[in-house]
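One structure follows; several queries about it will come next.
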Protein chains: 2
Amino acid sequence: MISNRIQIFRTDRGLSRKELAALVDVNPQTIGFLERGSYTPSVELALQLARVFGVSVEAVFSLEPFPPLAAQIGAPASPPKGDTP
Amino acid sequence: MISNRIQIFRTDRGLSRKELAALVDVNPQTIGFLERGSYTPSVELALQLARVFGVSVEAVFSLEPFPPLAAQIGAPASPPKGDTP
DNA sequence: ACATATTGTTATGTTTACGCAACAATTAAT
DNA sequence: ATTAATTGTTGCGTAAACATAACAATATGT
């Protein structure tokens, strides 16, 4: 329960776990645990992560699972399944 | 470190601690601890509180202390201190 | 006046976030 | 080919989140 997009934002910003960890002042392993969803961070850490990524907390954390990226970015209407046969 | 406006939003919405606690599914005392700043909630609880209040997480929780309400709402330019003597 | 609800506080217990160390498995750089 | 960096995982320890109970103080309702 509760999903996050830490890994997506981190890789998008070209950061390693170690680097991100330094930016939000936690242990690098902690980032790993968070990305795997092994635990739920405090609002404090959530606010720091959102600040580093330059987005809202809601953009990084959600009570419901996040839809796959394709639905958010520019994915074709529906095709890629039996396209022009 | 980390301040919140839980009490302000709660009273503004006309909720008791018990009622708010029920809405976010925690113990009523937990609301008390949060309002006093005795501890920092998880993002999960923060998201639920923000959802109940109908605002963003950033509107309820901040890494820096919140300014007094007067600065946010319609407070007179500065007067109420030696007004028309 | 009495009862009920709300708040403030304190104490005890369980769970979990997070730090830190260690190591295997990939991957990237040279 | 070898080194270095990144990742995945496991284990142990500590601090803090949260549950629950208990009680005083004040307010609110009737």
Side-chain angles (χ1 to χ4, degrees), chain A residues 1-66 68-70 73, chain B residues 1-66 68-70 73:
Chain A
M1 315 92 234
I2 210 179
S3 58
N4 74 72
R5 281 178 162 162
I6 296 175
Q7 186 172 4
I8 293 176
F9 277 109
R10 176 175 64 79
T11 58
D12 181 70
R13 302 296 193 267
L15 297 169
S16 69
R17 289 183 180 175
K18 199 175 175 181
E19 291 170 328
L20 177 56
L23 288 172
V24 296
D25 197 42
V26 294
N27 207 279
Q29 333 271 33
T30 296
I31 303 296
F33 279 106
L34 291 174
E35 290 188 351
R36 283 178 246 137
S38 293
Y39 55 61
T40 301
S42 64
V43 220
E44 186 168 13
L45 181 48
L47 283 167
Q48 288 175 14
L49 287 166
R51 185 172 58 179
V52 164
F53 295 145
V55 299
S56 69
V57 169
E58 284 84 354
V60 188
F61 298 92
S62 172
L63 292 170
E64 289 101 42
F66 280 111
L69 269 185
I73 321 182
Chain B
M1 317 96 233
I2 211 180
S3 59
N4 74 72
R5 282 178 162 161
I6 296 176
Q7 186 171 4
I8 292 176
F9 277 110
R10 176 176 64 79
T11 57
D12 181 71
R13 302 296 193 265
L15 296 168
S16 69
R17 288 183 180 174
K18 199 175 176 181
E19 291 170 328
L20 177 56
L23 288 172
V24 297
D25 196 42
V26 294
N27 207 278
Q29 331 273 34
T30 296
I31 303 295
F33 279 106
L34 291 174
E35 292 188 350
R36 281 179 249 136
S38 292
Y39 55 61
T40 302
S42 63
V43 220
E44 185 168 13
L45 182 48
L47 283 167
Q48 288 175 14
L49 287 166
R51 186 172 59 182
V52 164
F53 295 146
V55 298
S56 69
V57 169
E58 283 85 354
V60 188
F61 298 92
S62 172
L63 292 171
E64 289 102 42
F66 279 110
L69 270 184
I73 321 182

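Sequence lines set the chain letters: A, B, ... in the order given, protein chains first and strands last, and positions in each chain run from 1. For clarity, every value in this text was computed on a predicted model and none was experimentally measured.
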**Prompt:** Does NZ or CZ of R36(A) fall inside the cone over F33(A)'s six-membered ring, less than 6.0 Å from its centre and within 45° of the axis?
**Reply:** yes
**Message:** Taking only side-chain N and O atoms of N27(B), does any of them lie within less than 4.0 angstrom of OP1 or OP2 on dT20(D)?
**Reply:** yes
**Prompt:** Reckon R10(A) has a side-chain N or O less than 4.0 Å from the OP1 or OP2 of dT7(D)?
**Reply:** yes
**Message:** Is there a side-chain contact between V26(A) and L34(A) in this structure, where contact means two heavy atoms from C-beta onward sitting under 4.5 Å apart?
**Reply:** no
**Prompt:** Does the side chain of T40(A) get closer than 4.0 angstrom to OP1 or OP2 of dT16(C) through an N or O atom?
**Reply:** no
**Message:** In this structure, how many angstroms lie between the P atom of dA17(D) and the CG atom of D25(B), rounded?
**Reply:**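 Computing the D25(B):CG to dA17(D):P distance gives 19 Å.
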**Message:** How many whole angstroms separate atom CZ of F61(A) from atom P of dA17(C)?
**Reply:** 12 Å
**Request:** Grab the CD-P distance between E19(A) and dA4(D) for me, whole Å please.
**Result:** 18 Å
**Prompt:** Rounded to whole angstrom units, what separation is found between the CG atom of L20(A) and the P atom of dC18(C)?
**Reply:**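 Answer to the nearest Å: 13 Å.
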**Asked** Picking from dT9(D), dC18(C), dT20(D), which would you name as closest to the side chain of R36(A)?
**Response**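 That would be dT9(D).
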**Fill in**
Checking dT7(D), dA17(D), dC20(C) against the side chain of S16(A) (C-beta onward), the nearest is dT7(D)
**Message:** As a test of reading the structure: which of dT6(C), dA21(D), dG11(D) is closest to the side chain of F33(A), going by heavy atoms?
**Reply:** dG11(D)
**Message:** Is there a side-chain contact between S42(B) and the phosphate of dT16(C), meaning an N or O under 4.0 Å from OP1 or OP2?
**Reply:** no
**Asked** For L34(B) and dA16(D), what is the distance between atoms CG and P respectively, to the nearest whole Å?
**Response** 15 Å
**Asked** CD of Q29(B) versus C1' of dT6(C): gap in Å, rounded?
**Response** 12 Å
**Prompt:** Checking all strands, does P41(B) fall into the base, sugar-phosphate, or nothing category for heavy-atom contacts under 4.0 angstrom?
**Reply:** sugar-phosphate
**Message:** What is the distance, to the nearest angstrom, from the CG atom on L15(B) to the P atom on dT6(C)?
**Reply:** 11 Å
**Length of the line joining Y39(A):OH and dT9(D):P, which is rounded to integer Å** = 14 Å
**Asked** Has T30(A) got a side-chain N or O lying under 4.0 Å from the OP1 or OP2 atom of dA17(C)?
**Response** no
